[in-house]
Every structure is written in C-alpha cells, then in structure tokens.
Amino acid sequence: MAAAPAAAPTRVPACRGVTVCSGASRPNLRAAAASASAPGWRRRDPAVSMAAGSAQTAPGTVAVDAMVDTLLDSVKWDSKGLAVAIAQNVDTGAILMQGFANKEALAKTISTRKATFFSRSRSSLWTKGETSMNFINVHDIFLDCDRDSIIYLGKPDGPTCHTGAETCYYTSVYDALQGLKTNEDRQVTTTLYSLEDTISRRQEETVGSGKPSWTKKLLLDNQLLCSKICEEAGELIQTLLENEDQSRTASEMADLLYHAMVLLRVKDVKMEEVLEVLRKRFSQSGIEEKASRNKS
C-alpha cells in the first residue's frame, strides 16, 4: 500500500485504544436497535385478495385494486400465463432461486410480501417457505425492460435450496469443466463477498514453517490490525485534505475496507449483517439514527 503523504499530527484521525494513534476519543459506534423501522422504499400495500387457480388467470379469480390490476396486465405472460420469477437477496445480491409466476402468484406476493410462485408440476400456487418456514420476505419487486421476467428482492429467513444451501446456485460451470467437486457452501458472490470468503479461508489456514499470509498475521494480532485500520483511515482522509486524484481515493478506500473486513472476521460478524443495518437506516434521518444509538 502506498504511504500516506506527510502531514501534521493534528490531521491524522484519532483512534481510541490503539497505541499508534493518539487524540480525543470518538463516540461509541453501536449498531442500530433491532427494532429499526421498515426500509424506506416500502410503500402502502395495495388491496389484493387471492384465490389459487390455473396458470392462465380465470375470470374473477383475482380481486385487486385498479393500479395493481393494470400492473398485472402489463406483464408479458407467455402462452401458459407464466413469467420467469427470480428471488434475489436484498443485502448480498445473491440469486437465491428461480421459478415461475402467474398473475395470482405475483398479486399474492404484492399483498403478502412473501415470494410466491406457480408450480407447473402441481398446477397450483406455492409460497416459498410454506413447508420449511424459510420464507423469502419481499422488500421490492422489479420487472425487466420487456416486462416478461420478475425479480423478487427480499430477505430469506433461512436456506433457500431444498438441499440446505443458502442459494440454489452453487454449481460453477468452470469448476465442473476442471473436474472440481461441487460445493454447496459456494455462492454466486460479488467482489465484496469473494473477499469475505478469502479472508475466512485465510483464518482457517494452518501456519507451518512457511511465512503466513498478511491476512493471517492480521487475524492473529489485534494490535497490528487496529493500527492498520487507523493508518488506512488516515490515508483515506488525506486524499481529501490533499486533493489527491480519484484513483488514489479508491485505492485507499479499498485498503481501509479490506482491513475493516478482517476485523469483522475476527469479531465473527458477516458483511451481510452490516449491510442489513445500513438498509434498516434508509428510512431514518441522520439525527434520528444517532438518537437511537444513544438510547440503545
């Protein structure tokens, strides 16, 4: 990592409890209360009454208000009255599963906020979790530009796949082509979660006669880890104070994020938990959120 530009000591942020950084203590940053209000994107639920039916909607089967009815009619259902419906984790972005929905399934999902699909084998509606209790709690629903596929953006109560895996998508084609064994613990991960997985694997590695990785060193030495987080925070701040270019800011932010994620691993806190806290704060003003910390 690049060294920070020379600066007066007063310009380096204070880190409480770390010997390499001195200065005034900072406020205790605690997570928002578990009772944080609902996500800010939630809107008034439309009135929808449901009855199970065939894939092709029968007259009078779905009783909805005018706006929902118009939306349902705007979807380009196929010849069997179906459209692909994909469930996606609102916090991790992971694709959880794929099924099919008809008008009734989509209307029920809108009404109940539980991901509901149409079973082609049983010719009936089914709500994910109605047997396993691992519901997918829907926060928003998206239609693609052609209006012929649907995304249920939600939070799963537990594993989505019937195998017990968190997502149905754990088989990598490229791994399979290399003869590697399928791993149900593997997920379709974004860059952030790939980094989290790498840090987790470094924690499990055994330190032999060879030199341990930098990540392993940080995991074994809390003082070193805290000093590096303080150092990287100071270097990120300097990119603003010294008006450095954007690439430098991105680089320093990457350094800070990496070291902070190592600390999360030490504390056994998943990145998903952090993102969930952020999501729950969307509907709060900064003043309200800070007040909730002081009361918790």
Side-chain angles (χ1 to χ4, degrees), residues 38-39 41-43 45-58 61-64 68 71-72 74-78 80-144 147-172 182-190 193 270-273 275-276 279-280:
W41 54 73
R42 289 199 174 189
R43 294 174 283 276
D45 290 334
V48 182
S49 61
M50 293 305 310
S54 63
Q56 188 66 46
T57 305
T61 300
V62 182
V64 299
V68 174
L71 183 143
L72 294 173
S74 75
V75 177
K76 294 181 181 177
W77 310 103
D78 67 14
K80 296 181 180 179
L82 301 173
V84 171
I86 298 165
Q88 183 177 14
N89 189 310
V90 66
D91 290 321
T92 68
I95 302 300
L96 300 172
M97 62 167 289
Q98 180 257 308
F100 292 87
N102 61 357
K103 278 189 177 183
E104 290 116 318
L106 179 54
K108 186 173 182 180
T109 301
I110 293 171
S111 175
T112 65
R113 291 188 178 273
K114 303 291 184 184
T116 301
F117 304 85
F118 180 83
S119 171
R120 295 175 297 172
S121 61
R122 299 192 301 268
S123 296
S124 63
L125 298 187
W126 68 280
T127 298
K128 170 60 186 170
E130 59 190 13
T131 301
S132 66
M133 304 307 293
N134 292 332
F135 295 99
I136 298 175
N137 304 293
V138 174
H139 291 272
D140 211 337
I141 302 170
F142 288 85
L143 303 175
D144 78 336
R147 298 214 164 208
D148 59 5
S149 65
I150 305 163
I151 289 180
Y152 294 153
L153 190 65
K155 186 72 174 178
D157 283 331
T160 298
C161 186
H162 71 281
T163 64
E166 291 188 36
T167 166
C168 294
Y169 295 92
Y170 52 78
T171 303
S172 165
T182 298
N183 179 10
E184 291 185 5
D185 292 330
R186 176 167 182 168
Q187 296 188 45
V188 182
T189 53
T190 58
Y193 290 95
K270 292 186 176 181
M271 195 65 192
E272 183 175 355
E273 297 175 62
L275 296 178
E276 184 174 10
R279 172 170 52 79
K280 288 181 177 180

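No hydrogens or angles considered: a donor-acceptor pair under 3.5 Å links the side chains of T116 and T127.
Q88 pairs by the side chain to side chain contact (heavy atoms under 4.5 Å, CB included) definition with I95, I151, L153, not counting sequence neighbours. Scanning for ring pair (Phe, Tyr, Trp, His ring centres under 6.0 Å) contacts around Y152 gives F117, with sequence neighbours left out. Residues that satisfy the side chain to side chain donor-acceptor pair (under 3.5 Å) test with R120, not counting sequence neighbours, are absent from this structure. Scanning for side chain to side chain contact (heavy atoms under 4.5 Å, CB included) contacts around E273 gives V269, K270, with sequence neighbours left out. Qualifying side chain to side chain donor-acceptor pair (under 3.5 Å) partners for S132, counting only residues two or more places apart in sequence or in other chains: none. For K76, the side chain to side chain contact (heavy atoms under 4.5 Å, CB included) partners two or more places apart in sequence, or in a different chain, are D148. Among residues two or more places apart in sequence or in another chain, the side chain to side chain donor-acceptor pair (under 3.5 Å) test is passed with S74 by R147. Applying the side chain to side chain donor-acceptor pair (under 3.5 Å) rule to N134 yields no partners; only residues at least two apart in sequence or on another chain are considered. Qualifying salt bridge (Lys or Arg N to Asp or Glu O under 4.0 Å) partners for E272, counting only residues two or more places apart in sequence or in other chains: K155.
Annotation: the span from C168 atom SG to L96 atom CG amounts to 8.0 Å, rounded to 0.5 Å. Distance check: T109 OG1 to I150 CD1 gives 8.0 Å after rounding to the nearest 0.5 Å.
A donor-acceptor contact shorter than 3.5 Å is absent between the side chain of N89 and the backbone of G93.
Applying the salt bridge (charged side-chain N to carboxylate O under 4.0 Å, His left out) rule to pairs touching residues 93-102 yields nothing, sequence neighbours excluded. For the salt bridge (charged side-chain N to carboxylate O under 4.0 Å, His left out) condition, no pair includes a residue of residues 124-138, sequence neighbours left out.
Taking the charged nitrogens against the carboxylate oxygens, E276 and K280 do have a contact shorter than 4.0 Å, which makes a salt bridge.
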